[in-house]
K.L.:
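Have a look at this one.
Throughout, a chain's letter reflects where its sequence line sits, starting with A, and its residues are numbered from 1.
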Amino acid sequence: MWSSIKKIIIPASFEEAINKKTNSAVFYGGGTYLVSNKDEKIDTLIDINSLIDKSIKVDKNSLTIGSGVAVQEIANDEEMFNKLSMAAKYSNFSKNIRNQRTIGGEIAQKNIRSDLFTFLVALNPLLEIRNPAKIMIKLREWNGKGIINKILISITDLKSSGFERYSVLESAPAFLIVAVVRKALELDFVISGKADKIYGHTMQLSEFSKNSIHSIIDNSAKHFSNDQYGSVEYKASLIATGIKRAVEQI
Amino acid sequence: MLVSENQDFQNISVIVNGQNVDKKIRTHLRLLDFLRNELNLTGAKEVCAEGECGACTVIMDGKIVNSCLVLAVEADGAEITTIEGVSKADQLSKLQQAFVDYHSVQCGYCIPGMILAGEQLIKDSPEASIEEIKYGISGNICRCTGYTKIIDAVASITQKG
């Protein structure tokens, strides 16, 4: 049981949901992170499942995913979701959890050990936030306030991306994740895993070379530590390999 | 709409193993607590309590979920199948019989979850390959068998031809 929970509110509108938000109340979607953590400071859940979008739409330029779409739906369809599908599958290897967990929750939780969150940070999609008015903002610029309703991913970015992960077993959480997206004139690198922060770096395409990635390797490796997965030096070498392989996928 | 403003209780209505159940329950109960403590369906087990092991697996509206991560009130209106609902009268399901035939059970603690994950997999992918079986039961951990005999049991249903 989650003994501190006293109230569950099902708001009729985004406005009501936002108005009910207090320090001891949280928005509740799939609930896997929240029920697992059982934070005793929380006494109220604001169930937003009836409000948030749960559809998937594709046009020639973008993929629009409702924030209430289950991670398993994304993992299931490699043809539509491309590498996002793989990131969804690896973000949690339990189908049971993927059936419950939503893509919106994955973004809101900002779990840097999640392959899906890391890949989404690299893709930097446009988010439709309701606070309660509709706001369109890039994922990396979102301050966490309001409710994510839709995620708009550029299909060009998705097709121009690479993704590598390192874990002890295929089914284990990755201790190092590298994602790369090629934009018109830039390369976006995102490196995360069992680190103290998610690391991002943008480089002009014209500057990319074997030598130019040394600063990315050095600066991102600083956020890892010596642990059961290996030394910082070992992880720096994996970052170098990960970048090489991820760029080759593009 | 306020479902349970200023109160710890809420009415829920669910179908569990084909039976309608209407109960007034405490808001903070998880589906696992509700099944085990309110309905005395103790097949779903609590082990890790954080979604890692799958011992608490149940089928909710045609999808396997960890009942330790679902609040009971969130299951309001849902159709739930637990291990108690898999066999009909005294007749084991084909998969349950396969688990017996292939000696797939050792301590048994993970087996209710394994069977439910397997039953749903067979329903979704009646001809599932070995790889699909491994993927289908990936949320269920067994510390005894090494999985081989469990996979053999599921494959005996899906790989008949």
K.L.:
Is it true that the side chains of A:Gln100 and A:Gln72 contain a donor and an acceptor less than 3.5 Å apart?
P.N.:
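There is no such pair between these side chains.
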
K.L.:
Just by distance, do the side chain of B:Glu38 and the backbone of B:Ile25 share a donor-acceptor pair under 3.5 Å?
P.N.:
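Checked: no pair found.
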
K.L.:
Name the region of B:Asp33, side chain, backbone, both or neither, that has any atom closer than 4.5 Å to a heavy atom of chain A.
P.N.:
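Interface part for B:Asp33: side chain.
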
K.L.:
Can you tell me which portion of A:Asn92 sits under 4.5 Å from chain B's heavy atoms? Options are side chain, backbone, both or neither.
P.N.:
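Nothing of A:Asn92, per the 4.5 Å heavy-atom cut-off to chain B.
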
K.L.:
Is it true that A:Arg245 and A:Glu248 have a side-chain N and a carboxylate O under 4.0 angstrom from each other?
P.N.:
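A:Glu248 and A:Arg245: not salt-bridged.
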
K.L.:
Quick one: list whatever passes side-chain hydrogen bond (donor to acceptor under 3.5 Å, both in side chains) with B:Asn140, sequence neighbours left out.
P.N.:
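Per chain and number, B:Asn140 pairs via side-chain hydrogen bond (donor to acceptor under 3.5 Å, both in side chains) with B:Thr57.
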
K.L.:
Taking atom OH of B:Tyr135 as the centre, report whether more than 12 heavy atoms of other residues, nucleotides or ligands fall under 6.0 Å from it.
P.N.:
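Counting other residues, nucleotides and ligands, OH of B:Tyr135 exceeds 12 neighbours.
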
K.L.:
Does atom CD of A:Glu40 have more than 12 heavy-atom neighbours from other groups under 6.0 Å away?
P.N.:
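Buried by this count: over 12 neighbours within 6.0 Å.
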
K.L.:
I need the residue from B:Gln120, B:Lys63, B:Glu52 with the largest number of non-hydrogen atom pairs under 4.5 Å to chain A.
P.N.:
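Looking at each of B:Gln120, B:Lys63, B:Glu52 in turn, B:Lys63 comes out on top.
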
K.L.:
Between side-chain atoms of residues 80-91 of chain A and protein atoms elsewhere (two or more places apart, or another chain), which donor-acceptor pairs fall under 3.5 Å?
P.N.:
residue	atom	partner	partner atom	Å
A:Lys83	NZ	A:Ser161	O	2.8
A:Ser85	OG	A:Ile74	O	3.2
A:Ser85	OG	A:Ala75	O	2.9
A:Tyr90	OH	A:Glu170	OE2	2.7
A:Ser91	OG	A:Ala88	O	2.7

K.L.:
Please state whether the side chain, the backbone, both or neither of A:Asp43 comes within less than 4.5 Å of a heavy atom of chain B.
P.N.:
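For A:Asp43, there is no contact with chain B at all, as no heavy atom is under 4.5 Å.
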
K.L.:
Which residues in residues 68-105 of chain B have any heavy atom lying under 4.5 Å from a heavy atom of chain A?
P.N.:
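Checking residues 68-105 of chain B against chain A gives B:Cys68, B:Leu69, B:Val70, B:Leu71, B:Val73, B:Glu74.
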
K.L.:
Scan the side chains in residues 28-35 of chain A for donor-acceptor partners under 3.5 Å anywhere in the protein, sequence neighbours excluded, and list what turns up.
P.N.:
residue	atom	partner	partner atom	Å
A:Thr32	OG1	A:Arg101	NE	2.8
A:Thr32	OG1	A:Arg101	NH2	3.3
A:Tyr33	OH	A:Arg101	NH1	3.3
A:Tyr33	OH	A:Glu106	OE1	3.4
A:Tyr33	OH	A:Glu106	OE2	3.1
A:Tyr33	OH	A:Asn111	ND2	3.1

K.L.:
Go through A:Ser171, A:Ser36, A:Ser13 and name the one with the most non-hydrogen pairs under 4.5 angstrom from chain B.
P.N.:
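If we count pairs closer than 4.5 Å to chain B, A:Ser36 comes out on top.
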
